[in-house]
Every structure is written in C-alpha cells, then in structure tokens.
Amino acid sequence: MTASRPFPQKILIYGVYGAGKSTLALELSRRLGLPWQPVDEMTWEPGWKEVPMPVQRDRIAAVCRRKSWILDGAYKDWLDVPLASADLVIGLDFSRGLTLRRLLRRTARLVSTGEVICNGNRETLGSVLSSESIILWHFASFGRKRRRMRRWAADSPGPQVLLFRTPAELDRWLDELSPVSSARPRR
C-alpha cells in the first residue's frame, strides 16, 4: 500500500482455523476505522445451529454491498461473494504447527472459561471431541486453504493478495501501516 493510493476499504482475511483471522480483523478495524463483521456471527445460531447456506450467502452479500468492510474468513460455499467485491485479500499462510498450537490453546481456554464466542455459543469438551470439532476441521481444511491462498498470491485475477507466511512478516507489514487511530472499531 502506498501513500499515493488509498488503503483498500473491503478486506477479506483468509486462513485456517487458528491462524489469527479475527485477531487481525480487530486490529485492522482499530487501525483503519473500517467495520469488522465477524463471519461466525452470520453463520452460526445459538446451540451451534448452522445457518442455512442460502441465508449465509444473503448475509455475506449484504455486507459486501457496503462501501467498506473487513471479513475474518470465508466458507467455500460463498467464498465467491467477498472475492467478487474485495479490494484486498490477506492470506495468513502460517505453518500447521503454529496454527494448531494457537487453536488448541484458544480452544482449551474457551472450554475452561465457558466464554461465549458467538450468538450465545460456547466451546465445550463435547464439541471439541465431536465429529464436528474445530480441531478436526483444522486438519481437514489446512492443505486446501493453503493451496488456495498460494494460488491467489501467485496469480490473482481478482483483488490484490498479500500472503504472510509468518507472524513476523505480518507484524512488519502492520508496523508500516498508519498509526493506530483513535477511532473505535465498528461492527
């Protein structure tokens, strides 16, 4: 991003579970004053009931019609929607070891504290040990998401793609952004 060009206003953050998508979305929202829309809030209802895919697509499309937004992820069934309007894709292509450690640490904290994470939902030991476990999703999606991000970075026909392979690379990029604004993050 150069001083001569305005910073992108529609940002998709993409990566595997545990990469830090939501953490980065919150940080960018604070720094840039762009509204962050947590994807989990649009895709999960109370009781971990998945929102029907057509409704998810409609919700995501409504966000993507706004003049500015940050999304902290994308499901394959509606990935085309934010890609069609994003100005920037930030790919968090961190190692499996790092992302799995982060995911395990976060999941253990959420299970032990009972913290509410989206729409009244909580991680429980039962959910972690189920066939729908976020840990299993991590293993199932890691290679596919990594290949997708790398393909976008190598030859994106759509939005600009920034691919970060380590947290240090991401931190250096963040340090180059304008100072943290006093604006509060918007949702």
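Note: hydrogens, waters and symmetry copies are ignored here, and every other heavy atom, side chains too, is used. Residues take their numbers from the sequence shown, with the count starting at 1. Please read all numbers here as calculations on a predicted model, not as lab measurements.
Taking a cutoff of 4.0 Å between a charged side-chain nitrogen and a carboxylate oxygen, Glu27 and Arg31 qualify as a salt bridge.
At a threshold of 4.5 Å between side-chain heavy atoms, the hydrophobic network of Ile, Leu, Val, Met, Phe, Trp and Tyr places Leu34 and Leu92 in one connected group. Val63 and Leu32 fall into different hydrophobic clusters, where Ile, Leu, Val, Met, Phe, Trp and Tyr residues are linked whenever their side-chain heavy atoms come under 4.5 Å apart, directly or through other members. At a threshold of 4.5 Å between side-chain heavy atoms, the hydrophobic network of Ile, Leu, Val, Met, Phe, Trp and Tyr places Val81 and Val161 in one connected group.
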Requested in this report: Could you check Ile117 against Trp44 for side chain to side chain contact (heavy atoms under 4.5 Å, CB included), going step by step and ending with a plain yes or no?
Outcome: CA-CA 10 Å; Ile117 49 178; Trp44 295 102; over 6 Å; no
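Residues Tyr14 and Leu79 are in side-chain contact: their nearest non-hydrogen atoms beyond the backbone lie under 4.5 Å apart. Proximity of Leu88 to Leu12: side-chain heavy atoms (C-beta onward) are nowhere separated by under 4.5 Å. Taking 4.5 Å as the limit, some side-chain heavy atom of Leu177 sits within range of a side-chain heavy atom of Phe7. Side-chain contact between Arg106 and Glu123 is absent, with no heavy-atom pair separated by less than 4.5 Å. Using a 4.5 Å heavy-atom threshold, the side chains of Trp78 and Thr43 count as touching. Counting heavy atoms from C-beta outward, Phe94 and Phe164 have side chains that approach closer than 4.5 Å. Residues Trp152 and Leu163 fail the side-chain proximity criterion, which asks for heavy atoms closer than 4.5 Å. Looking at Thr124 and Val111, their side chains never come closer than 4.5 Å, going by heavy atoms from C-beta outward.
To the nearest 0.5 Å, atom OG1 of residue Thr99 and atom CG of residue Leu104 are 9.5 Å apart. Taking OG of Ser127 as the start and CD1 of Ile134 as the end, the distance is 9.0 Å to the nearest 0.5 Å. Between the CG atom in Asp40 and the OG atom in Ser22 there is a gap of 6.5 Å [rounded to 0.5 Å]. Summarising the geometry, atom CD1 belonging to Ile70 is positioned 9.0 Å from atom CD belonging to Gln9; distances are rounded to the nearest 0.5 Å. Atom CH2 of Trp173 and atom CG of Leu162 lie 6.0 Å apart (nearest 0.5 Å). Summarising the geometry, atom CG belonging to Leu103 is positioned 11.0 Å from atom CG belonging to Leu98; distances are rounded to the nearest 0.5 Å.
Among all heavy-atom pairs drawn from Val16 and Ser141, the shortest one is CG1-O, 4.4 Å. Counting all heavy atoms, side chain and backbone alike, Cys64 lies closest to Ser85 at CB-OG, 3.4 Å.
When only modelled atom types and interatomic distance are considered, Arg102 and Tyr17 share no side-chain donor-acceptor pair under 3.5 Å.
Residues satisfying the salt bridge (Lys or Arg N to Asp or Glu O under 4.0 Å) test with Arg109, not counting sequence neighbours, are Glu115. In this structure, the salt bridge (Lys or Arg N to Asp or Glu O under 4.0 Å) partners of Glu45, at least two apart in sequence or on a different chain, are Arg59.
Residue pairs satisfying the salt bridge (Lys or Arg N to Asp or Glu O under 4.0 Å) criterion with at least one member in residues 68-86, sequence neighbours excluded, are listed as follows: Arg57-Asp80. The list of salt bridge (Lys or Arg N to Asp or Glu O under 4.0 Å) pairs with a residue in residues 131-147, not counting sequence neighbours, reads Asp93-Arg146.
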Hey, can you pull the donor-acceptor pairs under 3.5 Å for the side chains in residues 47-54, sequence neighbours left out?
residue: Trp48; atom: NE1; partner: Arg122; partner atom: O; Å: 2.9
residue: Glu50; atom: OE2; partner: Gln56; partner atom: NE2; Å: 3.4

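Of the residues Leu28, Leu26, Ile11, the one that meets the side-chain contact (heavy atoms from CB on, under 4.5 Å) test with Trp36 is Leu26. Under the side-chain contact (heavy atoms from CB on, under 4.5 Å) rule, Met42 has a single partner from Ile60, Asn119, Val55, which is Ile60.
With side-chain heavy atoms closer than 4.5 Å counting as contact, directly or through intermediates, Val116 stands alone and belongs to no larger hydrophobic cluster.
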